[in-house]
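Below you'll find the structure, written out as structure tokens, and then a few comments.
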Amino acid sequence: MNLFPLFVIILVIAFLSGSDSLFYLAYVVAGISLVTHLWMSQALLGVQSRRRFSARAFHGEEVAVELDVTNQGRWPLLWLRVHESIPLSLHVPNFERRVVSLAPGEKTTLHYQLNCQRRGYYRLGPLKLETGDLLQLTTNKEVVFDAEPFVVYPRVVPLRQLGLPSQLPFGNLPSRQRIFKDPSRFFGVRDYVPGDSLRQINWKSSARAGQLQVKRFQPAIALHTVILLDLNDEAYSLRGRAAGGEMGIIVAASIAAHLIERRQQVGLALLGRD
């Protein structure tokens, strides 16, 4: 709505009639229009937003999100429409919306939950804020804040549930092969026999025993593992393509989690794409 034509009409009538009341009315209309335009030009300059949430989650978790919107400007916001876009896989419906009013320095908080039932890389937002004047003298003003990343990890299951032929050799585990001796796993001494390395002689124990003593170490293995995950569409039947690829991701994630828990180095190589 544009008050300028109304201001001109009132002013012309006031000149023709000489009415002081009409002059005052014209001044009021001009003042309202000027203040409203100045107000709306500054309304959203001081508005800030902040999301508070855990940026990563495991499959099946629920993550609480708190969205703070603060008016740090000098002008009050008589109405402010808050629209937060959310991926449909995490929240139904795919948005959160609220209309609030904010005085200078006032804050409102929007709460919602993310239901992490599907793994993936998501983005929360963008956040759109819109406001305007009550008389609709100016067009509505809006500002958009960027989206933020959110990651849901694949489902992880114990290796015994995968039906793999063996869980070995995964991790820094004891080994029956005596050739794999870990020098950091000292667990006693024994008598020296010809062929033992002089570096393994425990001189303090030898002095107490009166004969040479050799350090004993626990045998262990530590493997560097690379997981090869085939996500090439041609590797799966058309009917089982979606389920097969998802199962492959679950298996790869479970093996990787098993190795990481045992502080082993693990890498991942992909063929195709998710």
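Side-chain contact between I201 and S206 is present, with at least one heavy-atom pair separated by less than 4.5 Å. Using a 4.5 Å heavy-atom threshold, the side chains of S254 and P158 count as separate. Side-chain contact between V82 and L127: present, with at least one pair of heavy atoms (C-beta onward) separated by less than 4.5 Å. Between L229 and L268 there is a side-chain heavy-atom pair separated by less than 4.5 Å. Contact of the L114 side chain with the V65 side chain is registered, since non-hydrogen atoms from C-beta on lie closer than 4.5 Å. The shortest distance between side-chain heavy atoms of Q264 and T225 does not fall below 4.5 Å. Contact check for L124 versus Y112: side-chain heavy atoms found under the 4.5 Å cut-off.
Hydrophobic clustering (ILVMFWY, side-chain heavy atoms < 4.5 Å, transitive): L67 and F145 are in one cluster. Residues L198 and L212 share a hydrophobic cluster, clusters being chains of Ile/Leu/Val/Met/Phe/Trp/Tyr side chains in contact below 4.5 Å. In this structure, V63 is not a member of the same hydrophobic cluster as V92, with clusters built from ILVMFWY side-chain heavy atoms closer than 4.5 Å. Cluster membership for V99 and W75, using ILVMFWY side-chain heavy atoms within less than 4.5 angstrom, is shared. Both I249 and V157 are part of a single hydrophobic cluster, where members link through side-chain heavy atoms under 4.5 Å apart.
The environment of Q211 atom CD is dense: over 12 non-hydrogen atoms of other residues, nucleotides or ligands sit within 6.0 angstrom. Within 6.0 Å of atom CZ in R199, 12 or fewer heavy atoms from other residues, nucleotides or ligands are found, so the atom counts as exposed in its surroundings. Within a 6.0 Å radius of CZ in F95, other residues, nucleotides and ligands contribute more than 12 heavy atoms.
Taking the ring-ring contact (aromatic ring centres under 6.0 Å, His included) definition, one finds that Y192 meets it with nothing, sequence neighbours left out.
Between the side chain of W39 and the backbone N or O of G132, no donor-acceptor pair lies under 3.5 Å. Listed for the S41 side chain is a donor-acceptor partner under 3.5 Å among the backbone atoms of L38. No donor-acceptor pair closer than 3.5 Å links the side chain of T109 to the backbone N or O of E66.
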Could you go through I260 and V266, starting from their C-alpha distance and side-chain angles, then the distance that decides it, and tell me whether this counts as side chain to side chain contact (heavy atoms under 4.5 Å, CB included)? CA-CA 7 Å; I260 292 172; V266 56; 3.8 Å; yes
Begin from the C-alpha positions of Y122 and I86 and carry the test side chain to side chain contact (heavy atoms under 4.5 Å, CB included) through to its verdict. CA-CA 9 Å; Y122 302 94; I86 310 170; over 6 Å; no
Could you check D191 against V214 for side chain to side chain contact (heavy atoms under 4.5 Å, CB included), going step by step and ending with a plain yes or no? CA-CA 6 Å; D191 293 338; V214 178; over 6 Å; no
Stepwise, does the side chain to side chain contact (heavy atoms under 4.5 Å, CB included) test hold for N115 with H91? CA-CA 6 Å; N115 190 12; H91 187 277; over 6 Å; no
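Taking all atoms of both residues into account, the shortest heavy-atom contact from E130 to W79 is O-CZ3, 3.5 Å. The minimum heavy-atom distance between V47 and L129, with the atom names listed, is CG1-CD1, 3.3 Å. Across all non-hydrogen atoms, the minimal contact from V189 to K215 is CG1-CA, 4.3 Å. The shortest heavy-atom contact between C116 and L90 is CA-CD2, 4.3 Å. Heavy atoms only, all atoms of each residue included: N232 and D230 are closest at N-OD1, 3.0 Å. Across all their heavy atoms, A147 and G125 have their closest contact at CB-C, 3.7 Å.
If you look at Y153 and H59, their ring centroids are not closer than 6.0 Å.
One distance of note links NZ of K204 with CD of Q213; it measures 15.0 Å at 0.5 Å rounding. Separation of atoms OG1 (T108) and CG (L77) is listed at 11.5 Å; rounding is to 0.5 Å. The CD atom of Q72 lies 12.5 Å from the CG atom of L45; values are rounded to the nearest 0.5 Å. In this structure, L44 CG and L80 CG are separated by 7.0 Å, a value rounded to the nearest 0.5 Å. In this structure, CG in L110 is found 7.0 Å from CD in E84, a value given to the nearest 0.5 Å. Taken from NZ in K141 to OG1 in T139, the straight-line distance is 4.5 Å, to the nearest 0.5 Å.
With salt bridges taken as basic N to acidic carboxylate O contacts below 4.0 Å, none links D146 and R123. Salt-bridge check for R155 with E246: failed, with every basic side-chain N at 4.0 Å or more from each acidic carboxylate O. Remark: K128 engages E142 in a salt bridge, criterion side-chain N to carboxylate O under 4.0 Å.
Within the structure, the salt bridge (charged side-chain N to carboxylate O under 4.0 Å, His left out) test picks out no pair touching residues 90-113 (sequence neighbours left out).
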